[in-house]
Amino acid sequence: MRPVTHSIAVLGGGISGLTCALRLAQAGQCVTLIEGSDQLGGLGTFFEHDGRTFEKFYHCTLPSDGPLLCVLETLGIREDVYWKPTTFAYAHQGRFFPLNTALDLLKFAPLRFIDRIRVGITGLYGRLVSDKGLDDVTTVKWLSKLSGARAFAKFWQPMLEAKFGDRYHDVPALWFWTRFNREKGESKGECKGYIKGGYKHITDSFVSALRSFGTDIRLKTAVQSIDLAEDGRVTVTTSAGAEQFDQIVATLPTPQIDQLIGPAMRAQMPALDTSTDYQGVINCLLFLKKPLTPHYWGATPGSEHPFDGVVETSTLTEMADRGDRHVVYLTKYLHRSDARFTQDEAAIRAEWIPALKKLFPQLQDDDIEASYIFRAPFVEPIYKLGQMKLRPPEELVRGKVYLANTAQVYPVVTSWNGSVIQAERTLETMGFDNIGPVAANAGSRTAKLELAKPHAVAAPLRPVTVKA
């Protein structure tokens, strides 16, 4: 073991782990970041195609993602984010219906006219009503009351089933309310952002900053157990052996954390909620020689489609980032126990690509440059009524073991921005609450940080505001 005065291990190299590691390193702590795979970034990991890198799972940034944008500013890359207006469409009986304006909704043929009006009122009400009490009301009950049973069954239910499968019945209305308000934000139209160089640029910037602080970054180092030693320190056993730290921050999914906890640690911590499960996701990424749709997101929630959505990210990204091609993600949320989740890649292509060609008859086999299949087992927590009471605590063992994962993000939307917010909550619990811009003012374009020298001080730093 290396001699240290105070050491902190961060388990997991997704956006939560990267944010925690960066803020702790800024505060002068001796940080070790441990990641089981060969890449950092979690769902933001990438692969190479034709000399460029692309995300395995589609990503975008919203103007309302203030905390994430402030992290990018800390890294000096916020100005690399560019913004474009994007649109949404809903597939019905082989046609895509745009749903971006009030006029689009009035023309939305899948619903009766009165149901279109009620869905529009639901959207307006959702932007004005308080979230009070919505954690104890199901989304099914809330939307059925506002939009009517017929509109719910025709419009809302298929989208809920696409997200949560047969467990959509218990999802709290607070989840829908938060998601709706994040998507709409304060802008007059839908707008999304992407970063020059892709999300690998973000990860690389984290690595550069962390190494400048002397952070020890370990890849391909799977955590096997965590427990408390007799001297009160935390023992982390990995594929490379056992090591002790003064504190740890675990950012892995709760089901994985629960399997790692040793007896001494479990005896000193509250019981973790293991009833909150996760949906996984399958992505089929297509590189096309011509555009497929003008819409960034096309919802395909009908049971006749093997995928839930068609995401044409080339409506958002610049050619400098993707080359002379168009990039489309077909996505399907599935539980990891579903037989379709482990389906052979050839079988997925044999079903999904013909279904896509049926939706878009102009698409020919020669238009497909290449295709890739990616899967992730822990993506979206499956929320239940009273989820706020089920959120795991930030502190698992007083002063020793802390948690920052997506099960705690609720009711904030599960996203990179939500994970940054949770990381900052956990850091606040640890006593490092003024290292970076707090969530309340994180949307400011002018926030900027002064970085500490590596391991120089233990006290957190204050943000400095400068004029843009």
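All values below were derived from every heavy atom in this structure, side-chain atoms included, with hydrogens, water molecules and symmetry-related copies excluded.
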For this session: For side chain to side chain contact (heavy atoms under 4.5 Å, CB included), just list the numbers for Tyr402 and Ile248, CA-CA rounded to whole Å, side-chain angles, deciding distance to a tenth of an Å, and then say yes or no.
Result: CA-CA 6 Å; Tyr402 297 87; Ile248 68 167; over 6 Å; no
Problem set entry | Side chains of Asp273 and Ser275, donor plus acceptor under 3.5 Å | yes
Seminar exercise, completed: Output for pair (Lys400 NZ, Arg398 CZ), nearest 0.5 Å, gives 12.0 Å
Exercise. Taking atom types as modelled, is there a side-chain donor on Arg322 or Ser314 under 3.5 Å from an acceptor on the other?
Worked result: no
Problem set entry | Side-chain ion pair, Glu190 and Lys192, N-O less than 4.0 Å | yes
Exercise. Taking 4.0 angstrom as the limit, do Lys358 and Glu304 come out as a salt bridge?
Worked result: no
Exercise. Got a second to check how far Tyr90's OH is from His295's NE2, nearest 0.5 Å?
Worked result: 14.5 Å
Exercise. Parallel, tilted or perpendicular: which describes the rings of Trp142 and Tyr125, with under 30° parallel and over 60° perpendicular?
Worked result: tilted
Problem set entry | Pair Phe108-Phe155, ring-ring contact (aromatic ring centres under 6.0 Å, His included): steps then yes or no | CA-CA 11 Å; Phe108 189 59; Phe155 184 69; 5.6 Å; yes
Exercise. At what distance, to the nearest 0.5 angstrom, does NE2 of His59 lie from CZ of Phe57?
Worked result: 8.0 Å
Exercise. Which of these passes side chain to side chain contact (heavy atoms under 4.5 Å, CB included) with Val420: Asp65, Leu18, Val71, Leu69?
Worked result: Val71
Problem set entry | Arg391/Asp135 salt bridge by N-O under 4.0 Å criterion | no
Problem set entry | Carboxylate-amine/guanidinium proximity below 4.0 Å for Asp308 and Lys332 | yes
Problem set entry | Flag for Thr331-Asn283: side-chain donor and acceptor within less than 3.5 Å | yes
Problem set entry | Between OG on residue Ser7 and CD on residue Gln247, distance to nearest 0.5 Å | 8.5 Å
Exercise. Going through the distances and angles, do Arg266 and Asp258 end up as a salt bridge (Lys or Arg N to Asp or Glu O under 4.0 Å)?
Worked result: CA-CA 9 Å; Arg266 196 176 295 276; Asp258 189 62; 3.1 Å; yes
Exercise. To the nearest 0.5 Å, how far apart are CG in Leu68 and CD in Glu73?
Worked result: 12.0 Å
For this session: Please work out which of the three classes, parallel, tilted or perpendicular, describes the rings of Tyr194 and Tyr82, given edges at 30° and 60°.
Result: perpendicular
Exercise. Between Tyr58 and Tyr296, what is the ring plane arrangement, given parallel below 30°, perpendicular above 60°, and tilted in between?
Worked result: perpendicular
For this session: Report the C-alpha distance between Gln26 and Phe432 in whole Å, list the side-chain angles of each, state the deciding distance to 0.1 Å, and finish with yes or no for side chain to side chain contact (heavy atoms under 4.5 Å, CB included).
Result: CA-CA 10 Å; Gln26 282 180 264; Phe432 299 99; over 6 Å; no
For this session: Kindly indicate, with the supporting measurements, whether the criterion salt bridge (Lys or Arg N to Asp or Glu O under 4.0 Å) is fulfilled by Arg150 and Asp115.
Result: CA-CA 8 Å; Arg150 186 172 56 214; Asp115 293 333; 2.7 Å; yes
Problem set entry | Test of ring centre spacing under 6.0 Å for Trp175 and Phe164 | yes
For this session: Over 60° means perpendicular and under 30° means parallel, so classify the ring planes of Tyr383 and Tyr410, tilted if in between.
Result: tilted
For this session: State whether Phe47 and Lys56 meet the cation-pi test: NZ (Lys) or CZ (Arg) under 6.0 Å from the six-membered ring centroid, and within 45° of the perpendicular axis.
Result: no
Exercise. Under 3.5 Å, is there a donor-acceptor pair between the Trp156 and Ser147 side chains?
Worked result: yes
Problem set entry | Among Leu330, Ile282, Ile348, the one residue meeting side chain to side chain contact (heavy atoms under 4.5 Å, CB included) with Phe307 | Leu330
Exercise. Do Phe360 and Phe96 have their ring centres less than 6.0 Å from each other?
Worked result: yes
For this session: Begin with the C-alpha distance, continue with both residues' side-chain angles, and end with the deciding distance and a verdict on side chain to side chain contact (heavy atoms under 4.5 Å, CB included) for Phe46 and Lys200.
Result: CA-CA 7 Å; Phe46 63 91; Lys200 182 179 183 295; 3.3 Å; yes
Problem set entry | Asp277 and Arg336 ion-paired at < 4.0 Å | yes
